[in-house]
J.: 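Can you read through this structure? Questions will come right after.
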Number of protein chains: 2
Amino acid sequence: MPSRIYLDYNATTPVDPAVLEAMLPFFSGEFGNAASIHTTGQNARSGVETAREQVAALINAYPQEIVFTSGGTESDNHAIFGMFNPTNYTDVNLISTVIEHEAVLNTCQSLAARGVTVAYLAANRDGQIDPQHLRDLLREIPDTSLVSVMHANNELGTVQPLEEIGHIASEADVYFHTDAVQSAGKLPIDVNALQVDLLSLSAHKIYGPKGVGALYIRSGTPLRQFLFGGHHQRGFRPGTENVAGIVGFGKAAELAAASLEHNATRISALRDDLERDLLQRIPQSRVNAATAPRTPNTTNILFPGVDGEALLIALDLKGLSCSTGSACSSGAIEPSHVLTAIGLIPAEARSSLRFSLGRHTTRQEIDAALLAIPQAVEQLREISPNYPQGNVLQKLSQI
Amino acid sequence: MPSRIYLDYNATTPVDPAVLEAMLPFFSGEFGNAASIHTTGQNARSGVETAREQVAALINAYPQEIVFTSGGTESDNHAIFGMFNPTNYTDVNLISTVIEHEAVLNTCQSLAARGVTVAYLAANRDGQIDPQHLRDLLREIPDTSLVSVMHANNELGTVQPLEEIGHIASEADVYFHTDAVQSAGKLPIDVNALQVDLLSLSAHKIYGPKGVGALYIRSGTPLRQFLFGGHHQRGFRPGTENVAGIVGFGKAAELAAASLEHNATRISALRDDLERDLLQRIPQSRVNAATAPRTPNTTNILFPGVDGEALLIALDLKGLSCSTGSACSSGAIEPSHVLTAIGLIPAEARSSLRFSLGRHTTRQEIDAALLAIPQAVEQLREISPNYPQGNVLQKLSQI
C-alpha cells in the first residue's frame, strides 16, 4: 500500500516539479518588481507576460484579456462586484445558481444585502440547472447586470451546459461570468465557444502554486476596478505582481493544456472503477448526481448510516485523504449547500464523501482505497445508531 | 565592479535563502489545503499557524490578530473599505495624508467618489505631517470612522510620528490604520506603543515572497469583510491560504526581527556615505526630506537639470537598478505625488531618484555606485537643455 493516498485533488494539487523549476529563478536571481523600469524589473516583467500568454492559451483568450489575481476567490469577487455600481445597488439584478462555490454565493449574498436583487437558478437531482429557467428569468427581469453560472461543481464534478447558457445570456445582451476553477485543466475551455465575458481560474487546482489566480475579462466588458492602488496590470489589478507564482501558473497552464486529454482518459477510467467497485462492495451506497456530465476525476458518494466527517477521519487514520465536500467548508457544521440543493436531506448530505483523483493517482492507490473505504464504512456502521443493521444498542437489545 | 548593483530594495527584495528553504516543502510534500481536515491539510495548517506567530511577533501582536492577505495593497484596501458601511457612505469621514502609497490614496479616492468625506493631512518640506493638524481636524469633523497615516514613506523613507498620531486618534476614540509596508523590518514596530488598530504588512519588502501580506486587526476592531467566500481565517479572509507564501512570510518576519538592529546600523552607514559623497561629487544635487527621521536604507536625491527617467535608464545600462520613486508608478508620466506634495515643482520631482539599500548591499557596490552615478549625471547634463552649464546648443551658440 502506498504511504499515503491523496484523493482530494479538487481541494488542492501538489505543485508540478516542472512548475516549481520554472518558479525558482524568480525568488532570487530574477527577483525584480515587474513594475520597475530597470533590467531587474524587466526580467520579471518578461516572466509575467510569458505566463499571461500561457494562461490565455489554456482558454483560447488573448493575453491582454488575462488579469492575474490572488486566486479564485478574488477573481470571483472582482468579476461579480465589478459589474455593479457601488453607489447604486438598487434596481439592478444578478442571476446565479444555488450550487455555486461560496466565493460566488457569498459575494452574491453580500450584494443582496446591499440592495441588489439576486435570483438563484435551482439545480435538479443531477446537479444541473435548466437553461430554460434562465431564459425565463431573463425575460422576467429586464435589468440584469450579470449572470454567474459555474462551469464544473467542486463537490459533485457536475458540468453545466455552459455553451447554451452563454448563448442565452448573449442573446439577452447580459454579461456572463463563470467560475471555471474546477473545470480548468480537466475539461477543454474555449471562452469564445462558451460566449463567456468573465471567467475565474485558480493555479493551485491545476498543479500550480497557491495564492495566484486569474480573471479573464473579454475586451469591452465594462468591469470596474475592485482593488485600488498602483497602475499594475493596466490598472485592473494593483499590487506588486506575484512574479514567481504567476510564472508557475503559466507553466501549470501550459502543462495542463498539453496533458488534458491524456489525463482525462486515464483518470476517468480510475474514477469509474473506484465508483463501480465501491457501490458493489458497500451496501446501499450510491453516487450523487451519477448520471450528469461530470469532470473526469470527481465522485461524490453517499454512504447511508455513516457520518461523513467520522468516515473522513477514519480514512485519514488509514492514510487516505478525501473530503466531505468543499474543502472550504470543511470546518463548518452545516451540511453541504450543494448536496442539499440537489435534494439530499441533511442526513444524506452529512453521509456523503467526495473522492477527487488527479495526475498522480495510481491504480495501486485505487486498489488500496477499495480496501480501506469499505472497511471503514463497515466499522462505522457497526457502531452507528443511524444504520439499523449495525446498531449496537439494537443488537444488544436483541440478545 | 559587481555584476549588477541593486539599489531598489524599497521596490522589492530577493527572497532570503532560508525563507525559500522553509517554503519548499509546502509546494510538494506538504502541499495540502490548510482548510482540509485530513493530515495532508493539517500539516499545511500547522505551517500557516507557525507563520502567524512569527508575523505577530514582529509587531508585538497576538497571532489571532493577524490575517494573511495577498499583499500590502489588499491589506490597505481591506483596512480602509472595511471600516465603512457599503450601504451608507454619506455622513462619514476619513482622514489620511497626501503622501500615502497609492494603495491607500486611491482607496480613499474611491471612497470619496462613493460619498465619504475624505480629508488629507498635508506634509511639510521634510515629508512630515503635523499631529496638531490631525488634532484640529478630529475636533472639526466629529464623525470620523478612520485615520490612515503611513509609517514610513516608500519614496522618501520619512517616518511619521506614529506614536503621537496613535495617541491623538485613541483620545478622539477614532480607529487608526497604518501602512507599515515600508517600515517593517527596517524599524521596530509595536502595535501597542503605536496604539494602532489596523496595520498593513507585505512579505516581499522583507525578503519574503511576493503575493503575500498581512493585516493586523486589533481585537474588537469592527472591521467588515472585504472578500467573500469560504470560512478561511475565521471568515476574515476567504480563499485557499497561500501556504508556501505564508510560511515564507513567517520565516522572513522571524529573520527580520532577529537582524533588524544589526542591519539598520550597517545599512544606514552605507546610505549615509552614499548620500554624502554623491552630494560632494554632483554639483547642486540635494537630498529630499534630508533632515526628517528616515528609514535607515532610503535616500531620495534631486539632480537638477537631469531627467530622472533618463538617468535611471543610463544607470541601468551601467548595471545599477534604482527608481524614480514608487515602483508602482514607474510606468506613469505624472511626477511623483509624494515629491510634489512636499513642495517640489514638477521639474524637480522629475529630476529625483530614489536609492534604497538592503541586506545584501556591500561597501564595494556603494563605491561602484559612487563612480557610476556622478558619471551618468554629468553625461546627461551635458546634453540637457535644462541645465545651463551643459546646454550643448547654448555652448554651440557661444562659439
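Hydrogens, waters and symmetry mates play no part in the numbers below; they use all other heavy atoms, side chains included. Just so we're on the same page: letters track the sequence lines, and every chain starts at 1. As the structure is a prediction and not an experimental result, all values here were calculated from the model.
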J.: Does either side chain, that of A:D179 or that of A:S200, offer a donor lying less than 3.5 Å from an acceptor on the other one?
T.: no

J.: Between the side chain of B:E74 and the main-chain N/O of B:G213, is any donor-acceptor distance below 3.5 Å?
T.: no

J.: Quick one: do the B:N43 and B:E30 side chains pair a donor with an acceptor below 3.5 Å?
T.: yes

J.: Does any heavy atom of chain B fall under 4.5 Å from the side chain of A:I80, the backbone, both, or neither of them?
T.: neither

J.: Between A:Y207 and chain B, with a heavy-atom cut-off of 4.5 Å, which part of the residue counts as in contact: side chain, backbone, both or neither?
T.: neither

J.: Measuring heavy-atom distances to chain B, does A:R237 have an atom under 4.5 Å in its side chain, in its backbone, in both, or in neither?
T.: side chain

J.: Please flag which part of A:F27 lies under 4.5 Å from any non-hydrogen atom of chain B: side chain, backbone, both or neither.
T.: both

J.: Non-hydrogen atoms of chain A under 4.5 Å away: do they reach the side chain of B:H78, the backbone, both or neither?
T.: neither

J.: Can you tell me which portion of A:F226 sits under 4.5 Å from chain B's heavy atoms? Options are side chain, backbone, both or neither.
T.: both

J.: Between A:T90 and A:N88, is there a side-chain donor-acceptor contact under 3.5 Å, judged purely by atom types and distance?
T.: yes

J.: Working to the nearest 0.5 angstrom, can you tell me the gap between A:S36 OG and B:D8 CG?
T.: 4.5 Å

J.: What part of A:E241 is in contact with chain B, defined as an atom under 4.5 angstrom from a non-hydrogen atom: side chain, backbone, both or neither?
T.: backbone

J.: Is B:L24 close to chain A through its backbone or its side chain, or both, or neither, when contacts mean heavy atoms under 4.5 Å?
T.: side chain

J.: Relative to chain A, which segment of B:A113 carries a heavy atom at a distance below 4.5 Å: side chain, backbone, both, or neither?
T.: backbone

J.: Under a 3.5 Å threshold, yes or no: a donor from one side chain and an acceptor from the other, between B:E102 and A:H231?
T.: yes

J.: Looking at chain B, which one of A:T13, A:V104, A:T69 has the largest number of heavy-atom pairs inside 4.5 Å, strictly under?
T.: A:T13

J.: Do side-chain atoms of A:E100 reach the backbone of A:M150 as a donor and acceptor pair under 3.5 angstrom?
T.: yes

J.: Name the member of A:A34, A:P86, A:G29 that forms the most heavy-atom pairs with chain B at distances under 4.5 Å.
T.: A:P86

J.: For B:N77, does its backbone N or O pair with a side-chain atom of B:T107 as donor and acceptor, under 3.5 Å?
T.: no

J.: Quick check on the interface: out of B:G115, B:S202, B:C322, who has the most heavy-atom pairs with chain A under 4.5 Å?
T.: B:C322

J.: Do other residues, nucleotides or ligands put more than 12 heavy atoms under 6.0 Å from B:E21 CD?
T.: no

J.: Could you tell me which portion of A:L20 (side chain, backbone, both or neither) has an atom closer than 4.5 angstrom to a non-hydrogen atom of chain B?
T.: side chain

J.: Under a 4.5 Å heavy-atom cut-off, does chain A meet the side chain of B:T12, its backbone, both or neither?
T.: both

J.: Taking every non-hydrogen pair under 4.5 Å, which of B:G245, B:P238, B:S28 racks up the most with chain A?
T.: B:P238

J.: Surrounding CG of A:N85 (heavy atoms of other residues, nucleotides or ligands, distance under 6.0 Å), is the total greater than 12?
T.: yes

